[in-house]
Amino acid sequence: MLEHVLKALPEEACGLLGGCGEFVEAVLPVTNQMHSPVRFFMEPVELLESFQWLDKNRLALLAIYHSHPKGPDQPSATDLELLWYPGCAQLIWFPVLDRWDVKGFFIRKNYTEEINLIFEPDS
């Protein structure tokens, strides 16, 4: 994900995470059709192909990720307003001084809940 986030700069990056249970097994970058530093809209054909790939590989959609190149480290008003997959975790990448960090959230109609993310080294 971070590689995609950095490559997309100065625009927001976006994509899907697929896996089983709580374990991410695939990162599927999708082009930000808006090419904007403050908003994203996943390119529809790539998004459909990503969903088809998940289905073919018997993986569930676990999360949607995107970046906030200039912050904030929380879901923006636009993120809350345009939430398309309310049952899906949302990961937001953001800069902190000279590095990038990521936070996860479950966004519900009336509240946002931050979730713990655990990163394991590749085996």
**Report entry** Rounded distance (nearest 0.5 Å) linking atom CD1 of I92 with atom CG of D73
**Finding:** 8.5 Å
Query raised in the report: Just how far is it from atom CD1 of I107 to atom CD of E113, taken to the nearest 0.5 Å?
Result: 11.0 Å
Could you list the donor-acceptor pairs under 3.5 angstrom formed by side chains in residues 6-28, with sequence neighbours left out?
residue	atom	partner	partner atom	Å
E11	OE1	H35	ND1	3.1
E11	OE2	H35	ND1	3.4
E12	OE2	R39	N	3.4

**Report entry** Test item: V102 and L117 side chains (from C-beta on) under 4.5 Å apart, heavy atoms
**Finding:** yes
Query raised in the report: Under a 4.5 Å cut-off applied to non-hydrogen side-chain atoms, are F40 and H66 in contact?
Result: yes
Query raised in the report: Cluster question for you: counting only ILVMFWY and a side-chain heavy-atom cut-off of under 4.5 Å, with indirect links fine, are F119 and V5 together?
Result: yes
Report task. Please report the closest heavy-atom contact between V30 and M42, naming both atoms and the distance. Result -> CG1-CB, 3.7 Å
Query raised in the report: When clusters are formed by joining ILVMFWY residues with side-chain heavy atoms under 4.5 Å apart, either directly or through shared neighbours, do F41 and F51 land in the same one?
Result: yes
Requested in this report: Would you sort out whether D101 and K103 count as a salt bridge (Lys or Arg N to Asp or Glu O under 4.0 Å), showing the intermediate values?
Outcome: CA-CA 7 Å; D101 202 352; K103 289 184 178 180; over 6 Å; no
Query raised in the report: Given V38 and H68, is the side-chain contact (heavy atoms from CB on, under 4.5 Å) satisfied, shown in steps?
Result: CA-CA 7 Å; V38 294; H68 286 172; over 6 Å; no
Query raised in the report: Can M1 be reached from I115 by stepping across I, L, V, M, F, W or Y side chains whose heavy atoms are under 4.5 Å apart?
Result: yes
Query - K70 side chain near P95 side chain, heavy-atom distance below 4.5 Å - result: no
Query raised in the report: What is the distance from atom CD of E43 to atom CG of L48, rounded to the nearest 0.5 Å?
Result: 10.0 Å
Requested in this report: Any pair with a residue in residues 87-109 that passes ring pair (Phe, Tyr, Trp, His ring centres under 6.0 Å), sequence neighbours left out, goes on the list, sorted by first then second residue, please.
Outcome: none
Query raised in the report: Going through the checks in order, is the side-chain contact (heavy atoms from CB on, under 4.5 Å) test met by L80 and T112?
Result: CA-CA 9 Å; L80 299 175; T112 299; 3.6 Å; yes
Query - W53 side chain near L59 side chain, heavy-atom distance below 4.5 Å - result: yes
Query raised in the report: Can you find a heavy atom in the side chain of L62 that is under 4.5 Å from one in the side chain of C88?
Result: no
